[in-house]
Amino acid sequence: MNIFVTGGAGYIGTHTILELLALDYNVVAVDDFSNSKPIAIERVKELAGRDFTFYEANVCNISKMDEIFSKHKFDCVIHFAGKKAPGESVEKPLEYYKNNLDSTMALCEVMKKNNVKKIVFSSSCTVYGANNPMPLTENSSVGECINPYGWTKFMCEQILTDVVNANKDWSVALLRYFNPVGAHESGRIGEDPQGIPINLMPHIAQTVVGRIKYLHVFGDDYDTPDGTCIRDYIHVVDVAKGHVAAIKYIDKNAGVSTFNLGTGDGTSVLEFISTFETATNKNVPYKISPRRPGDAPICYASTNKAENELHWKAEKSLANACEDTWRWQSMNPNGYERKNIYK
């Protein structure tokens with residue numbers, strides 16, 4: 001199968017492309033490097049031991065997407081490209097709505113023009129309403145998002161659902177990630193956020209490597225066993241394998257299908273820190289800070305549907321993710337740094 005991957009140089013994109021190449025899929029990828037680095041593409045090729053076609057472009061550029069689709073015949077699209085920082089989305093809502101919605105609509109338009117009818121969409125558990133009981137299932141209520149980023153994912157899901165309603169032969173998988181963590185076991189590719197990390201794992205790793213003085217634990221007075229927030233942390237390699245499973249699924253099932261990608265277990269912030277320290281034998285300096293607005297006390301997935309229908313289940317532990325992250329961060333203390341060879 002020929003797979004088109006948007007946002008291919010990003011954190012989850014690189015790991016997914018590596019899994020696809022390992023299974024002999026033909027991959028064409030695109031990224032504009034607005035939140036990624038060209039060296040990530042080089043490293044994926046090195047790890048895979050094979051080449052693939054890559055374009056530097058923004059998915060919102062319909063003429064460029066038309067050009068790419070005219071050169072290749074795709075069987076399926078995986079759509080990762082999009083702005084993804086919830087906090088930043090509150091400060092720059094128009095940028096998030098324009099980029100994330102326009103890229104999805106442009107992609108659908110070009111797919112329809114070129115008779116490509118299968119797409120796996122990178123969604124998020126942020127689409128779920130704040131008052132759902134745990135664990136969250138695919139039937140839990142959606143909407144009531146707490147930031148523009150979450151609303152863009154919700155709206156993109158609706159766009160894709162409406163496209164399928166109008167085109168019954170389309171197949172769409174909406175993959176709602178919980179909290180991807182970890183890195184490839186080689187230490188060659190991993191999460192490289194710009195600026196101060198907003199996610200827990202890279203914040204811990206950059207604190208231990210000395211780039212940040214200490215980790216902020218936002219609130220220790222939640223209604224949880226140790227007072228800190230509980231989340232479902234899933235290894236990025238398991239997330240990548242979830243996309244492979246989704247491709248196989250939509251190849252045989254038309255319509256819209258929604259799946260949670262998580263572990264089904266919740267881990268508190270303090271439990272996470274302890275796991276990291278045990279797995280890496282490193283001390284994590286931290287201080288308790290005030291709560292962040294909008295943080296839910298508890299959020300974790302039910303994975304029964306993915307297990308039963310995708311025949312996919314997370315296999316790696318949080319300790320594995322901590323070990324792999326530290327290997328990545330210690331080998332790349334400043335993340336990816338190299339000249340853009342695609343310009």
Side-chain angles (χ1 to χ4, degrees), residues 10-19 22-23 47 122 124-125 134-137 175-193 197-209 215 217 224-226 228-246 259-284 286 296-332:
Y11 176 42
I12 302 174
T14 49
H15 288 82
T16 301
I17 290 173
L18 193 55
E19 292 296 323
L23 294 172
L47 289 169
S122 170
S124 166
C125 64
M134 296 294 136
L136 293 166
T137 74
L175 301 186
R176 294 172 178 167
Y177 313 156
F178 279 67
N179 296 77
V181 291
H184 189 262
E185 62 183 5
S186 67
R188 296 286 287 159
I189 58 173
E191 189 171 10
D192 184 24
I198 58 169
N199 294 330
L200 180 58
M201 181 71 96
H203 204 148
I204 288 176
Q206 290 190 20
T207 300
V208 175
V209 85
L215 170 73
V217 175
T224 61
D226 64 17
T228 62
C229 291
I230 292 174
R231 296 290 182 268
D232 189 335
Y233 298 99
I234 176 172
H235 199 294
V236 65
V237 171
D238 283 325
V239 174
K241 290 180 178 178
H243 289 77
V244 176
F259 299 100
N260 288 338
L261 294 188
T263 67
D265 293 316
T267 302
S268 75
V269 176
L270 293 183
E271 288 172 334
F272 193 117
I273 293 170
S274 177
T275 301
F276 189 96
E277 291 181 330
T278 300
T280 65
N281 198 30
K282 298 291 181 181
N283 178 61
V284 179
Y286 70 88
I298 304 175
C299 180
Y300 65 97
S302 166
T303 60
N304 292 337
K305 186 179 180 184
E307 292 175 25
N308 293 332
E309 297 184 24
L310 288 185
H311 307 295
W312 167 93
K313 184 177 182 178
E315 298 175 347
K316 291 180 176 288
S317 68
L318 180 57
N320 295 149
C322 292
E323 292 166 358
D324 293 338
T325 294
W326 180 240
R327 188 178 301 109
W328 149 257
Q329 193 70 77
S330 58
M331 290 172 61
N332 305 270

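The residues of the chain are indexed from 1 along the displayed sequence.
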Flag, side chain of [X] to backbone of [Y], donor-acceptor distance under 3.5 Å:
X	Y	value
Thr207	His203	yes
Glu191	Val181	no
Gln329	Asn332	yes
Arg327	Glu185	yes
Asp232	Gly262	no

Pairwise distance [atom1]([X]) to [atom2]([Y]) - rounded to 0.5 angstrom:
X	Y	atom1	atom2	answer
Lys241	Lys316	NZ	NZ	6.0 Å
Thr275	Glu323	OG1	CD	11.0 Å
Asn260	Asn304	CG	CG	10.0 Å
Leu261	Ser124	CG	OG	11.0 Å
Asn281	Phe276	CG	CZ	11.0 Å

Audit row: Trp312, Val244, side-chain contact (heavy atoms from CB on, under 4.5 Å) steps and yes/no:
CA-CA 9 Å; Trp312 167 93; Val244 176; over 6 Å; no

I'd like to know if the side chain of [X] pairs up with that of [Y] as donor and acceptor (distance under 3.5 Å, no hydrogens or angles considered).
X	Y	result
His235	Asp324	yes
Ser122	Tyr177	yes
Asp265	Thr263	no

Are His243 and Phe259 close enough that their ring centers fall under 6.0 Å?
no

Flag yes if more than 12 heavy atoms outside Lys305 fall under 6.0 Å of its NZ atom; otherwise flag no.
yes

Trace of the side-chain contact (heavy atoms from CB on, under 4.5 Å) decision for Ile204 with Tyr286
CA-CA 9 Å; Ile204 288 176; Tyr286 70 88; over 6 Å; no

Carefully, step by step, assess Ile298 and Thr224 under the rule side-chain contact (heavy atoms from CB on, under 4.5 Å).
CA-CA 8 Å; Ile298 304 175; Thr224 61; 3.8 Å; yes

Side chains of Asn320 and Val237 in contact at under 4.5 Å (non-hydrogen atoms):
no

Using side-chain contact (heavy atoms from CB on, under 4.5 Å), reason through Tyr233 and Leu200 one step at a time and then give a plain yes or no.
CA-CA 10 Å; Tyr233 298 99; Leu200 180 58; 3.4 Å; yes

